[in-house]
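Since the structure comes first, as structure tokens, the remarks are kept for the end.
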Amino acid sequence: MKRILAAAAITLVAISATACGSGDDSDSGGKTKVVFSYWGSDARQKLTESAIATFEGKNPTIDIEGDFSDWDSYYEKLATKTAAGDAPDVMSIEIRGLAEYAGRATLADLTGKVNTADLDQDVLKAGQVDGKQFAIPTGVNAFPMIVNRATVEKAGQKVPDDTAWTWDEYVSISQKVTEKGDGKIWGTEYNENPAFLQVFAAQRGEQFYKDGKIGMSEQTVKDWWILLQKIISTKAGPSAAQMLETGTNVDQALLATNASAFGSWWSNQLTTLSKGSGQELDLLRMPKAEGATTAGMFLQPAMYYTISSKTEKADAAQKFVDFLVNDPEAGAILLSDRGLPTNPKVVAAIKDKLTPADQKVLTFIDSIRSELSPIAIPPKGSMEMEDILKRATDSVLFEKASADDAAKAFLTEANAALTK
């Protein structure tokens, strides 16, 4: 990824003099073809194709060509196309890539180009870099603890008050669930997602990023690993090797296969988890550290719609993005697949169509909204952070490095990535 992004930066400079920018919006045949890149599951691809067909029915002079990839290959493919001067007209990116792509003059400033008047203005700000609206949030997510209440209660435990429970209580309950699970059910699965560490750090008054660098102390990173090690050592959750076998696909999550009582996932994944489980799953605030005054919860755009600064189809691309975020028909198709819509009017129009799981997410987010930390846009280089953190975390959990050495290595490598 480092090499690809570096190549993209060099090539973008080279092609900028010859790129056409926004020109004639017509293609051969009298129709405008707009290429839309996005990632996801087969289910997302089907939903997106349905939304595209609806848009094309309303706009018969525009053809939308979906450029779909799985998550593992998405950014490599996007960076390669961008470097070659062949960026898709409309691009999906996530929050970690916003500063990176905006900083490379890849994205168009959409201020005044897409109707954002009805969008949640606080969330909308999360698409701005240096005061320019480079990205339109597709929807919002939280990173909660998800629980299968029936599994907890079957083990003779009570689901705790999520406004007051601690990490120690979470581990203790999970351990007891495992003990009652007859080797078939774990108390919890755990997640190496940076969002987990971000919540954990916020409870200690620390930010994941601060002033363009890692804002967390070495001790906080080590304490997070100590928590994961405790989950493993007490058998509250599986070993690192067992978790590696499960992978990161939500449909393979232990919650989705009824092999776990707790787990942390993004809120828009509740529907997939619930569908796989076939049981009732609920959302909880994350446990707190002893003495913490906040649970460290935050909202984050699930992803963004952006438009290439080099597109020759600017008008059609803007019309398509406007449709995706403002049209109730688009909302009724996509529902919460890209997070709950940021347009309250769209939410009101589709509320009755939301799945029971989506309804829970909507209620949960409304209930924690006053407790949330502001949305922070990660600095350039943060696209590498998940890989850097996972390598360091795995080195600790697989006992290949001490927590002290791994924390120093993580902070050094992470800050180096952020200063490139």
Side-chain angles (χ1 to χ4, degrees), residues 1 4-23 25 32-39 64-67 69 74-116 119 121 123-139 212 300-326 338-339 342 375-384 418 420:
M1 180 59 74
I4 292 168
L5 290 173
I10 295 170
T11 309
L12 280 170
V13 172
I15 67 173
S16 61
T18 57
C20 296
S22 58
D25 264 11
T32 300
K33 183 176 78 171
V34 172
V35 178
F36 170 43
S37 66
Y38 65 101
W39 73 84
I64 303 296
E65 179 183 302
D67 183 10
S69 304
Y74 181 75
Y75 274 114
E76 182 174 353
K77 180 178 176 182
L78 182 61
T80 302
K81 283 180 172 286
T82 302
D86 188 30
D89 302 292
V90 179
M91 299 174 282
S92 300
I93 63 172
E94 55 165 345
I95 196 168
R96 294 178 303 165
L98 179 55
E100 192 82 46
Y101 276 84
R104 297 188 187 281
T106 307
L107 308 179
D109 181 4
L110 301 181
T111 305
K113 302 297 179 63
V114 174
N115 180 14
T116 59
L119 304 186
Q121 297 301 298
V123 176
L124 186 64
K125 290 176 184 176
Q128 297 175 2
V129 177
D130 296 331
K132 296 182 178 180
Q133 192 75 48
F134 288 109
I136 308 297
T138 64
Q300 180 170 294
M303 61 187 79
Y304 299 103
Y305 299 123
T306 67
I307 295 177
S308 169
S309 61
K310 311 302 180 186
T311 183
E312 297 181 346
K313 322 292 176 55
D315 289 346
Q318 292 160 15
K319 186 175 289 188
F320 180 55
V321 172
D322 183 274
F323 165 79
L324 291 173
V325 297
N326 289 317
R338 289 169 167 87
T342 57
I375 299 170
I377 299 173
K380 291 180 183 178
S382 58
M383 288 181 68
E384 300 179 43
L418 298 176
K420 291 179 181 178

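Put simply, the side chain of D67 reaches to within 4.5 Å of the side chain of K81, judged on heavy atoms. Side-chain contact check for L78 versus I93: some heavy-atom pair is nearer than 4.5 Å.
Across all their heavy atoms, P88 and S308 have their closest contact at O-CB, 3.3 Å. Summarising the geometry of P379 relative to A99, their closest heavy-atom pair is C-CB, 4.0 Å, with the distance given to 0.1 Å. Among all heavy-atom pairs drawn from A376 and I95, the shortest one is O-CD1, 3.7 Å. In terms of heavy atoms, Y74 sits closest to S37 at OH-OG, 3.0 Å. Residues F134 and V129 come closest through the heavy atom pair CE1-O, 3.5 Å. Here the shortest heavy-atom pairing between G66 and Y38 reads CA-CE2, 4.3 Å.
Inspection of the Y75 and S69 side chains reveals no N or O donor paired with an N or O acceptor under 3.5 Å.
With values rounded to the nearest 0.5 angstrom, Q128 atom CD is found 7.5 Å from I377 atom CD1. Distance CD1/I307 to CD1/I136: 8.0 Å, rounded to 0.5 Å. To the nearest 0.5 Å, atoms CG (L110) and CD (Q318) are separated by 6.5 Å. For the atom pair E384 CD and L418 CG, the distance stands at 8.5 Å (nearest 0.5 Å). To the nearest 0.5 Å, the span separating NZ on K319 from CG on N115 amounts to 13.5 Å. Put simply, CZ on R96 and CD on Q300 are 9.0 Å apart, with the number rounded to the nearest 0.5 Å.
If you run side chain to side chain contact (heavy atoms under 4.5 Å, CB included) between L124 and each of V325, L119, I375, only L119 comes through.
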Quiz prompt | Step-by-step side-chain contact (heavy atoms from CB on, under 4.5 Å) determination, W39 to E94 | solution = CA-CA 10 Å; W39 73 84; E94 55 165 345; 4.1 Å; yes
Quiz prompt | Audit row: L107, L98, side-chain contact (heavy atoms from CB on, under 4.5 Å) steps and yes/no | solution = CA-CA 9 Å; L107 308 179; L98 179 55; 4.1 Å; yes
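A donor-acceptor distance shorter than 3.5 angstrom exists from the side chain of D89 to the backbone of V35, with no hydrogens or angles considered. Judged by distance alone, the side chain of Y305 and the main-chain N or O of F320 form no donor-acceptor pair under 3.5 Å. Side-chain N or O atoms of K313 include one that pairs as donor or acceptor with a backbone N or O of K33 at under 3.5 Å. Judged by distance alone, with hydrogens and angles left aside, the side-chain atoms of T306 form a donor-acceptor pair with the main-chain N or O of M91 at under 3.5 Å. Between the side chain of T138 and the main chain of R338, a donor-acceptor pair closer than 3.5 Å is present. Within the 3.5 Å criterion, the main-chain N or O of Q133 finds a donor-acceptor partner in the side chain of D109.
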